[in-house]
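Below is one structure; the comments refer to it alone.
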Amino acid sequence: MTETAEVRRRRHRRALILLRPVPGTSPIHRLWAGTKLVTVAIVAVLLTLYPGWPSLILVAALALVSARIAGVPRGALPSIPLWLSIFLLAGALISAANAGAPYIALGSISLGLGGLLSFLQIITLAAVMASVCALVSWTAHVSEVAPAVNTLARPLRILRLPVTEWTTTLSLALRAFPLLLNEFRTLAAARRLRPPRPHRNWLQRRTDTSNVLLEILATALSAAARRADEMGDAITARGGTGQITATRTRPHTRDAVAILTVLAIAALAIVLQS
């Protein structure tokens with residue numbers, strides 16, 4: 001593959017973009033961030049206790065309809081890397097070799113699909129749960145998450161738990177994640193611009209790869225420390241960490257309707273699997 005083709009292939013590869021709301025407004029965008037977090041919790045409990053196909057289909061339909069209402073573009077979906085496709089294909093072949101019920105008859109040969117169906121169910125479960133979490137990150141701003149968590153966790157203050165400190169830490173982590181991700185991408189892009197070194201044998205190539213990884217890691221740690229110092233100065237200038245969770249947010253009628261809809265879908269899934 002030529003260098004031009006390699007650059008073109010990387011350009012068309014869509015990276016995973018999280019913690020950045022899609023532009024525009026919609027009923028999904030206007031929902032309280034706590035409602036979205038509660039929805040994720042309900043879906044997680046449902047798929048943990050009832051991970052059957054009815055639950056997966058209903059939750060997948062809910063995610064697709066919500067994404068359609070929110071106006072999430074197809075470009076927001078990441079491209080599947082080649083190594084992941086090979087891994088999934090190998091897993092499917094290994095699972096298909098385990099056979100098991102149900103069986104289909106191909107002439108005089110009986111072929112069991114139990115292992116393959118179980119593998120597909122696990123992959124679908126992971127994809128559905130990831131889609132629900134990604135939908136929350138595409139429709140909720142990072143600044144809305146900490147006040148919502150602070151409101152939801154307020155009953156824990158009766159036990160004298162440091163709820164405010166926990167929510168402040170969560171907010172800072174969510175804010176720092178996109179910054180660190182951009183730093184790593186910048187470092188990786190700068191490293192690819194350097195001309196490759198000639199290697200006489202595989203040992204020298206492996207040593208050079210290890211040195212490159214150490215250089216990127218050390219530079220990333222330095223960039224993270226610099227970002228942390230800048231963020232600390234910005235927080236101090238704006239009144240300290242207490243301002244992060246100072247905003248009081250409350251659910252509205254539309255949030256109650258959304259929660260009732262999710263609960264109804266969960267109840268329907270439980271009835272279909274009972």
Side-chain angles (χ1 to χ4, degrees), residues 13-22 28 31 33-104 111-140 145 148-149 152 170 173-174 177 181 258-274:
R13 181 188 301 169
R14 298 188 302 272
L16 179 62
I17 301 176
L18 296 176
L19 302 178
R20 292 183 181 178
V22 295
I28 305 299
L31 287 176
T35 301
K36 301 172 186 178
L37 297 178
V38 172
T39 299
V40 173
I42 294 174
V43 170
V45 173
L46 173 65
L47 296 183
T48 300
L49 300 179
Y50 299 91
W53 286 109
S55 299
L56 294 175
I57 293 175
L58 289 175
V59 174
L62 174 64
L64 289 175
V65 172
S66 300
R68 182 70 176 179
I69 296 175
V72 178
R74 293 183 179 180
L77 300 176
S79 300
I80 300 178
L82 179 60
W83 64 266
L84 181 58
S85 302
I86 296 175
F87 175 79
L88 294 178
L89 179 60
L93 294 177
I94 295 174
S95 301
N98 293 329
Y103 295 91
I104 59 173
L111 182 62
L113 300 178
L116 180 59
L117 290 178
S118 298
F119 178 79
L120 292 178
Q121 185 175 355
I122 294 174
I123 297 301
T124 305
L125 174 62
V128 168
M129 198 64 213
S131 300
V132 173
C133 295
L135 184 61
V136 173
S137 71
W138 288 331
T139 57
V145 175
V149 174
L152 292 174
L170 175 62
L174 293 176
F177 180 77
L181 187 59
I259 292 297
L260 290 176
T261 302
V262 175
L263 289 176
I265 292 175
L268 178 60
I270 294 174
V271 170
L272 292 177
Q273 291 190 221
S274 299

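Start at 1 with the first residue, then count along the sequence.
One finds the CG atom of Leu263 at 8.5 Å from the OG1 atom of Thr39 (value rounded to the nearest 0.5 Å). Rounded to the nearest 0.5 angstrom, Ile42 CD1 and Thr35 OG1 are separated by 9.5 Å. Rounding to the nearest 0.5 angstrom, the gap separating the OG atom in Ser85 from the CD1 atom in Ile80 is 5.5 Å. Lys36 NZ to Cys133 SG: the interatomic distance, rounded to the nearest 0.5 Å, is 13.5 Å. Rounded to the nearest 0.5 angstrom, Ser131 OG and Trp138 CH2 are separated by 7.0 Å. Considering CG of Leu31 and CD1 of Ile69, their distance stands at 9.5 Å, rounded to 0.5 Å.
Within the 4.5 Å cutoff, the side chain of Thr124 has no heavy atoms near those of the Ile57 side chain. For the pair Pro51 and Leu56, the minimum side-chain heavy-atom distance is 4.5 Å or more. You'll find the side chain of Val59 reaches within 4.5 Å of the side chain of Leu46, heavy atoms only.
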side-chain contact (heavy atoms from CB on, under 4.5 Å) assessment of Met129 paired with Val40: CA-CA 8 Å; Met129 198 64 213; Val40 173; 3.8 Å; yes
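Residue Ala70 comes nearest to Ile28 through the heavy atom pair CB-CB, 3.9 Å, listed as atom of the first residue, atom of the second, then distance. Taking both residues in full, the closest heavy atoms of Leu135 and Ser66 are given as CD2-CB, 3.4 Å, listed atom of the first, atom of the second, then distance. The shortest non-hydrogen separation linking Gln273 to Pro54 is CG-CG, 3.7 Å.
At distances below 3.5 Å, at least one donor-acceptor pair connects side-chain atoms of Ser55 with backbone N or O atoms of Tyr50.
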